[in-house]
Amino acid sequence: MNEIAIKKDGEIIDTQTAKECGFEGEQIHLDNSPESLEILRHSTAHLMAQAIKSLYPDAEFYVGPVVKEGFYYDFKTSAEIGEGDLKKIEKQMLSFAKKKYLIEKYEISMDEAKEKFKDDHLKLEVMKRIPSDTVSIYKQGEFEDLCRGPHLPNIGLIRYFKLTKIAGAYLGGDSKNEMLTRIYGIAFATKEALKEHMTMLAEAEKRDHRKLGNEMKLFTFREEVGAGFPIWLPAGGRLRARLESLLFKAHRKRGYQPVRGPEMLRSDLWKTSGHYQNYGENMYFTHIDELEFGVKPMNCVGHIKVYEDELHSYRDLPIKYFEYGVVHRHEMTGALHGLFRVREFTQDDAHIFCRADQIEEQIIEVVDFVDKIMSTFEFDYKMMISTKPEKAVGSDEVWEISTQALKNAMDKNELAYEIDEGGGAFYGPKIDIKITDAIGREWQCGTIQLDFNLPERFHLEYNGEENDKIQPVMIHRAILGSFERFIGILTEHYAGEFPMFISPTQVAIIPVAQTHKEYAKLLSDKLIDINADSEIYVKNDSLNKRIRTAEKTRVPMIVVIGDEEIKNKTVAIRDRRTREQYNLSEEEFLKLIQTKINEVNF
RNA sequence: GCCGACAUAGCUCAGUUGGCUAGAGCAGCUGAUUUGUAAUCAGCAGGCCCGGGGUUCAAAUCCUCGUGUCGGCACCA
């Protein structure tokens, strides 16, 4: 085992520094522990820089940190580097590693450093951000880099790595700055760990909802339709309809009323709401009869108009309106990504108009609603409170009150949350729900937003006990976020193997021969009666072929029927997961399906 | 929007340094076969090679402008 660093007072110190300062502490060996990988990957980033410098001598380097999924280095060179060059760089890295250069460290003054890197404007940029008078330099062979470490003692220890991606990145993460080249990589202490990681990446790729959506015929996109406008195919339509209907019932149980606003509204209204000023660049507008209309990017204004349709008493509150609201938002081209980021989507949107003293109970009720849904789909989740953003309407005081109200509701009910400073909506602070899927990735879905501003802007009111006019509070909330995004996430979460209750097709029926078609149709009708969709595979293919075809659709259950089954009024079931077969009477079978579909209640 | 890559049949992909009639598998259609748990056999059809414009005797192939997709960055009210 190689000692690569020590841990002293919780701090990781590389061997170079430890020797220099005479420190001693707990030894860190080269293995796949987080501390060890951090050092290894950081040094691998340097080795990559060394290789790049030798291949592209004019290269200048910015920063090369370790990140969650490995490491990267940002640099600039006059040469054009593409995906194909990664292999070449890897090869060069290996050949340097074989030379087993020691990684040496020394300190110099900031002025000396500026002189040393005077030809590298990126390094000078880095130094501008370092407040100290001295900096440390790490040297391996001819290559020297400004760095605070920690590093491996020897680059010969770097053996199992892979350069994974090449992309552009803004200097300092600011889109006003120049764009640099960024190469991502990953490194491990053992060959097995690297292999496992690559397998995991392949698994994530297999689950990609864009690929599965295409294979399973859920949805598609077409160039001639326009970027970011999804087309729902029959199978996707069925899946979506199931989700919608489950959720409809759940809303009704909780006292929400279905309503619907128009797809576009006069721009004057968007000016009143503040969307025109704060969100206009993402909106689609159209002019007709000398009037300007804005296609809705949110549903709140429509729901406000529903609220305004009659006078409300304090006794009526809370009033809850919900709508599967279709919205259009002009997202930037580079942001579009399958169903995850689109320009037209449907939100499971609702607005709760309530009294100030009802805020807490309403927030808690929504949080509970979220919990029911997310746990049904086996998602872990966490909540974030987002505060006032740069672009915002309303006074600081109102923002302070509403942010505090959200925190109070969470604190009082001992719900854990994190703070996202400046991440709120322009009209109010929000609680975002971030879910974690089956392979550990995080997604932002639902959101609960507290809004004092729109009621003010639209002069909403209700009659109080003294027959006085009081302004209601508005809570905007979506639980799935959007059907598009949520179905995309579900697809990856389940790797396409949707549970029975939302699966596009519940059962595939395969008659052994043509003579069994009639019974198949009979079964299929009985399934429709219990709200289950089935598909009969009657094509003139071998039995084996039809089973294979059905399996590939990832249908939860396949039933085969032949002479046996018809005689005994049974079905032969083949399970998707286990591929085992068993027989059930027709009655038992229908009951099983019914149970599986109805087992879910949000 | 920015950096880079890519776009060939419904889908997945071949297509030599620009050069004969642009190919394959799957899916589709037709016929034979009537099947007991992951691919029966044979035949047929299917293409404005993403769209404009250009270079060339000759363009799927080279250049250019769009459109779309992918990987990141920035964005995500």
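All values reported here derive from a predicted model rather than from experimental measurement. Here is how names work: the chains are called A, B, and so on, in the same order as the sequence lines, proteins then strands, and each is numbered from 1.
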Quick one: is [N] close enough that its OP1 or OP2 comes under 4.0 Å of any side-chain N or O from [X]?
X: A/Lys545; N: B/A27; answer: yes
X: A/Arg546; N: B/U37; answer: no
X: A/Ser542; N: B/U35; answer: no
X: A/Asn214; N: B/U12; answer: yes

Kindly point out which of [options] is positioned nearest to the side chain of [X]?
X: A/Leu336; options: B/U40, B/U69, B/G10; answer: B/U69
X: A/Ile547; options: B/U37, B/A39, B/G36; answer: B/U37
X: A/Gln514; options: B/U12, B/A39, B/U34; answer: B/U34

What contact category does [X] fall into here, base, sugar-phosphate, or nothing, at under 4.0 angstrom with non-hydrogen atoms?
X: A/Ala572; result: base
X: A/Asn544; result: sugar-phosphate
X: A/Arg341; result: base
X: A/Asp541; result: base
X: A/His275; result: nothing
X: A/Glu205; result: nothing
X: A/Tyr72; result: nothing
X: A/Arg182; result: sugar-phosphate

TODO: Using both pair distances under 3.5 Å as the test, note the stems of at least 3 consecutive Watson-Crick or G-U pairs that include RNA chain B.
DONE: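 Stems found: B:1-7 with B:67-73, B:10-13 with B:23-26, B:28-32 with B:40-44, B:50-54 with B:62-66.
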Using the [atom1] atom on both, measure [N] against [M] and round to a whole Å.
N: B/U16; M: B/U55; atom1: P; answer: 25 Å
N: B/G66; M: B/A7; atom1: C1'; answer: 14 Å
N: B/U56; M: B/C62; atom1: C1'; answer: 9 Å
N: B/A9; M: B/C44; atom1: C1'; answer: 15 Å
N: B/C65; M: B/A42; atom1: C1'; answer: 49 Å
N: B/G43; M: B/G36; atom1: P; answer: 25 Å
N: B/A27; M: B/C63; atom1: C1'; answer: 38 Å
N: B/G46; M: B/U34; atom1: C1'; answer: 29 Å

In whole angstrom, give the distance that lies between atom [atom1] of [X] and atom [atom2] of [N].
X: A/Asp208; N: B/U12; atom1: CG; atom2: C1'; result: 15 Å
X: A/Gln444; N: B/C75; atom1: CD; atom2: C1'; result: 14 Å
X: A/Tyr184; N: B/C73; atom1: OH; atom2: C1'; result: 7 Å
X: A/Phe221; N: B/U67; atom1: CZ; atom2: P; result: 18 Å
X: A/Met384; N: B/C76; atom1: CE; atom2: P; result: 14 Å
X: A/Leu543; N: B/A39; atom1: CG; atom2: P; result: 10 Å
X: A/Ile510; N: B/U34; atom1: CD1; atom2: C1'; result: 15 Å
X: A/Ile231; N: B/G68; atom1: CD1; atom2: P; result: 13 Å

TODO: Apply salt bridge (charged side-chain N to carboxylate O under 4.0 Å, His left out) to the pair A/Asp541 and A/Arg546, showing each step before the final yes or no.
DONE: CA-CA 6 Å; A/Asp541 274 329; A/Arg546 284 177 290 146; over 6 Å; no
Could you go through nucleotides 42-46 of chain B and list every protein N or O atom that sits under 3.5 Å from one of its N or O atoms, giving the distance for each pair?
none

Task: Residue pair A/Phe498 / A/Leu239, side-chain heavy-atom distance below 4.5 Å - done: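 Yes, close enough: below the 4.5 Å cut-off.
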Could you list the donor-acceptor pairs under 3.5 angstrom formed between side-chain atoms of residues 213-229 of chain A and any protein atom two or more places apart in sequence or on another chain?
{"unit_1": "A/Arg222", "atom_1": "NE", "unit_2": "A/Glu224", "atom_2": "OE2", "d": "3.3"}

Does [X] have any side-chain contact (heavy atoms from CB on, under 4.5 Å) partners at least two apart in sequence or in another chain, and if so, which?
X: A/Glu442; answer: A/Lys382, A/Lys434, A/Thr436
X: A/Thr346; answer: A/Arg240, A/Tyr324, A/Val326, A/Phe483, A/Glu484
X: A/Asp208; answer: A/Arg210, A/Lys211, A/Glu492
X: A/Val295; answer: A/Met264, A/Tyr284, A/His328

For nucleotides 1-8 of chain B, which of its nitrogen or oxygen atoms have a protein nitrogen or oxygen under 3.5 Å away, and what is each distance?
{"unit_1": "B/G1", "atom_1": "OP2", "unit_2": "A/Thr333", "atom_2": "OG1", "d": "2.7"}
{"unit_1": "B/G1", "atom_1": "N7", "unit_2": "A/Gly334", "atom_2": "N", "d": "3.3"}
{"unit_1": "B/G1", "atom_1": "N2", "unit_2": "A/Tyr170", "atom_2": "OH", "d": "2.4"}
{"unit_1": "B/C2", "atom_1": "O4'", "unit_2": "A/Tyr170", "atom_2": "OH", "d": "3.2"}
{"unit_1": "B/C3", "atom_1": "O2", "unit_2": "A/Gly168", "atom_2": "N", "d": "3.2"}

Open item on the list: Please confirm whether the ring centroid of A/Tyr276 lies under 6.0 Å from the ring centroid of A/Phe285.
Closed with: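 When the ring centroids of A/Tyr276 and A/Phe285 are compared, they turn out to be within the sub-6.0 Å range.
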Task: Under the ring pair (Phe, Tyr, Trp, His ring centres under 6.0 Å) test, residues paired with A/Tyr381 that sit two or more places apart - done: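 Expected list: none.
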Task: Closest non-hydrogen atom pair, A/His42 against A/Gly64 - done: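 Closest approach of A/His42 to A/Gly64, heavy atoms only: CD2-O, 3.8 Å.
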- [ ] Tell me which of A/Ile561 and A/Lys539 sits closer to the 5' end of RNA chain B, going by the nucleotide each one is nearest to.
- [x]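 So the residue in question is A/Lys539.
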TODO: Starting from the 5' end of RNA chain B, give me the residue, A/Glu224 or A/Tyr279, whose nearest nucleotide shows up first.
DONE: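 Whichever sits nearer the 5' end wins; that is A/Glu224.
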- [ ] Report the residues that fulfil side-chain hydrogen bond (donor to acceptor under 3.5 Å, both in side chains) with A/Gln277, sequence neighbours left out, ordered by chain and then residue number.
- [x]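 Applying side-chain hydrogen bond (donor to acceptor under 3.5 Å, both in side chains) to A/Gln277 gives none.
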Test: [X] and [Y] ion pair at under 4.0 Å:
X: A/Asp58; Y: A/Lys76; result: no
X: A/Glu551; Y: A/Arg548; result: no
X: A/Glu323; Y: A/Lys296; result: yes

Task: Residue-level proximity of residues 421-433 of chain A to RNA chain B when a heavy atom falls under 4.0 Å - done: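 Of all residues in residues 421-433 of chain A, the ones placing a heavy atom under 4.0 Å from RNA chain B are A/Gly424, A/Ala425, A/Phe426, A/Lys430.
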Open item on the list: Does the Lys NZ or Arg CZ of A/Arg182 fall within the cation-pi geometry relative to A/Tyr62 - under 6.0 Å from the ring centre and within 45° of the axis?
Closed with: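 Verdict for A/Tyr62: no cation-pi partner in A/Arg182.
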TODO: For the pair A/His351 and A/His303, name the ring-plane relationship: parallel under 30°, tilted 30 to 60°, perpendicular over 60°.
DONE: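 Aromatic pair A/His351/A/His303 classed perpendicular.
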TODO: List in chain and number order the residues that pass salt bridge (Lys or Arg N to Asp or Glu O under 4.0 Å) with A/Lys206, two or more places apart in sequence or in another chain; answer none if no residue qualifies.
DONE: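 Checked A/Lys206 against salt bridge (Lys or Arg N to Asp or Glu O under 4.0 Å); matches are A/Glu203.
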